[in-house]
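To keep things clear, I will list the structure first and then write my remarks on it.
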Amino acid sequence: MTRRRLRIGPACLALAWATVGMHAPAYAQTAADAKGSGAGPTVNAVWVEHEFMFTYFGHGTYYSCDGMANKIEYILEALGARPEPKVWVGCTEGPGIQQIPTARIKVAVPTEATPELLAAIEAGKSKRELVSRVQGNGAVVDVATAQFPAQRQVVEFVGRRKDRIEDGDCELLEQLLPQVLEPLGVREAPGSSRLMCVPRQAQIGSVQLRLESLHALPTPGDRPAQP
């Protein structure tokens, strides 16, 4: 099945390379962790949308617009975001490598359905219905209140050549954590090593990050993925 958009833009480093090719996921090695002792209790959750403006300041690792967008989308999906988050990167310096790119990120993540959150969602129901009518969608199910089972799981990012996340991505992860990931409820898990980013160097072992986030669980009605 073809994705909405498949962008294999180059991601270039000043002193090292960070590829964005379609390789094995960086979190593939942690499937057992996510389902084992690192997994939390199952809770009811709803999808909550967030929007961020994120400006990246590289000190040795630089990306093209498509390269950075692909990296951010991959990280968000690996951490449990709804598939195909929208990331737009402004190419102010042409189509090639950007010095200080700014990304607009629109993403939905599972959030525990607490009474306070459900009350806030209900308060905005009339506005959503009005927008739906204006857009010509007619009577639609209010997906903002649709609940599903979710569980906190541990995802590990380890910098490896030929994987989607490399040691050269240390700076990107270091800046995404406080500005985007932590506001989404992502937190470091026990056993995580601090990012060791060195300006203008891509040191081996600089990315060994364990992050905990809420993930939607499969439900009996889910259809298996097509090959």
Side-chain angles (χ1 to χ4, degrees), residues 3 20 23-54 56 68-87 103-114 116-118 120-121 143-160 163-167 169-197 206-219 222 225:
R3 285 190 57 177
V20 294
H23 299 293
Y27 58 95
Q29 296 83 3
T30 66
D33 294 336
K35 296 177 182 178
S37 59
T42 299
V43 298
N44 287 336
V46 294
W47 292 108
V48 175
E49 288 192 346
H50 301 262
E51 192 163 334
F52 301 91
M53 294 300 294
F54 169 72
Y56 171 70
M68 193 173 87
N70 264 316
K71 288 280 187 180
I72 295 174
E73 289 177 352
Y74 171 76
I75 292 167
L76 291 172
E77 287 196 50
L79 290 170
R82 189 156 55 194
E84 298 188 4
K86 297 179 176 64
V87 180
R104 179 187 171 202
I105 302 169
K106 190 173 182 180
V107 59
V109 296
T111 306
E112 185 174 356
T114 62
E116 295 79 11
L117 176 60
L118 293 177
I121 292 174
V143 295
T145 58
Q147 297 187 31
F148 53 87
Q151 187 180 56
R152 295 196 71 86
Q153 299 178 358
V154 174
V155 177
E156 185 173 11
F157 294 98
V158 178
R160 295 187 178 95
D163 276 351
R164 295 292 299 276
I165 296 297
E166 299 189 36
D167 287 318
D169 296 314
C170 187
E171 292 179 330
L172 179 61
L173 285 164
E174 184 179 53
Q175 295 176 40
L176 277 174
L177 262 172
Q179 297 184 53
V180 177
L181 302 183
E182 290 176 355
L184 291 175
V186 177
R187 61 191 182 216
E188 287 198 54
S192 178
S193 297
R194 293 179 60 87
L195 292 167
M196 297 179 290
C197 307
S206 59
V207 176
Q208 298 185 39
L209 195 61
R210 288 170 57 86
L211 299 177
E212 182 183 303
S213 55
L214 197 61
H215 293 245
L217 296 178
T219 59
D222 287 345

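Predicted model only: the values in this text are computed from it and were never measured.
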Distance col, row Ile105:CD1 vs Lys86:NZ, nearest 0.5 angstrom, shows 13.5 Å
Shortest non-hydrogen pair, Leu209 vs Ser192, comes out as CD1-OG, 3.4 Å
Practice prompt. Dump the intermediate steps for side-chain contact (heavy atoms from CB on, under 4.5 Å) on Leu118 and Gln147, then the final yes or no.
Written response: CA-CA 10 Å; Leu118 293 177; Gln147 297 187 31; 3.7 Å; yes
* Ile72 versus Val180: any side-chain heavy-atom pair under 4.5 Å? -> no
Output for pair (Arg187 CZ, Glu182 CD), nearest 0.5 Å, gives 11.5 Å
Rounded to the nearest 0.5 Å, the CE atom of Met53 sits from the CD atom of Gln179 at a distance of 11.5 Å
CD (Gln208) and CG (Asp167) are apart, to the nearest 0.5 Å, by 8.0 Å
Looking only at heavy atoms, the pair that brings Val46 and Ala146 closest together is CG1-O, 3.6 Å
Sorted by chain and number, sequence neighbours left out, salt bridge (Lys or Arg N to Asp or Glu O under 4.0 Å) with Glu49 holds for Arg82
When every non-hydrogen atom of Leu214 is compared with those of Gln151, the smallest separation belongs to CD1-C, 3.5 Å
Side chains of Leu195 and Phe157: does their closest heavy-atom pair fall under 4.5 Å? no
NZ (Lys71) and CG (Leu172) are apart, to the nearest 0.5 Å, by 8.0 Å
For Phe148, the ring-ring contact (aromatic ring centres under 6.0 Å, His included) test, sequence neighbours excluded, returns Trp47
Here the pair of heavy atoms bringing Ala45 nearest to Pro110 is CB-CB, 4.3 Å
* To do: Report yes if the side chains of Val109 and Leu79 come closer than 4.5 Å at any heavy-atom pair, otherwise no.
  => no
The ring-ring contact (aromatic ring centres under 6.0 Å, His included) partners of Tyr56 (sequence neighbours excluded) come to Tyr63
So do Val186 and Val155 actually touch side chain to side chain, heavy atoms under 4.5 Å? no
Hits for side chain to side chain donor-acceptor pair (under 3.5 Å) against Thr42, two or more places apart or cross-chain, chain-then-number order -> none
**Q.** Non-hydrogen side-chain atoms of Pro83 and Glu77 separated by less than 4.5 Å
**A.** yes
Heavy-atom nearest pair, Pro183 first then Leu177, reads CD-O, 4.0 Å
Distance col, row Asp169:CG vs Leu176:CG, nearest 0.5 angstrom, shows 10.0 Å
When you measure from the side chain of Arg210 to the backbone N and O of Val154, does any donor-acceptor pair fall under 3.5 Å? no
Residues pairing under side chain to side chain donor-acceptor pair (under 3.5 Å) where one sits in residues 103-112, two or more places apart or in two chains, turn out to be Glu51-Arg104
For Arg152 and Gly185 the tightest heavy-atom approach is NH2-O, 2.9 Å
Exercise. Hey, does the side chain of Ser206 reach the backbone of Cys197 with a donor-acceptor pair shorter than 3.5 angstrom?
Worked result: no
For Gln175, the side chain to side chain donor-acceptor pair (under 3.5 Å) test, sequence neighbours excluded, returns none
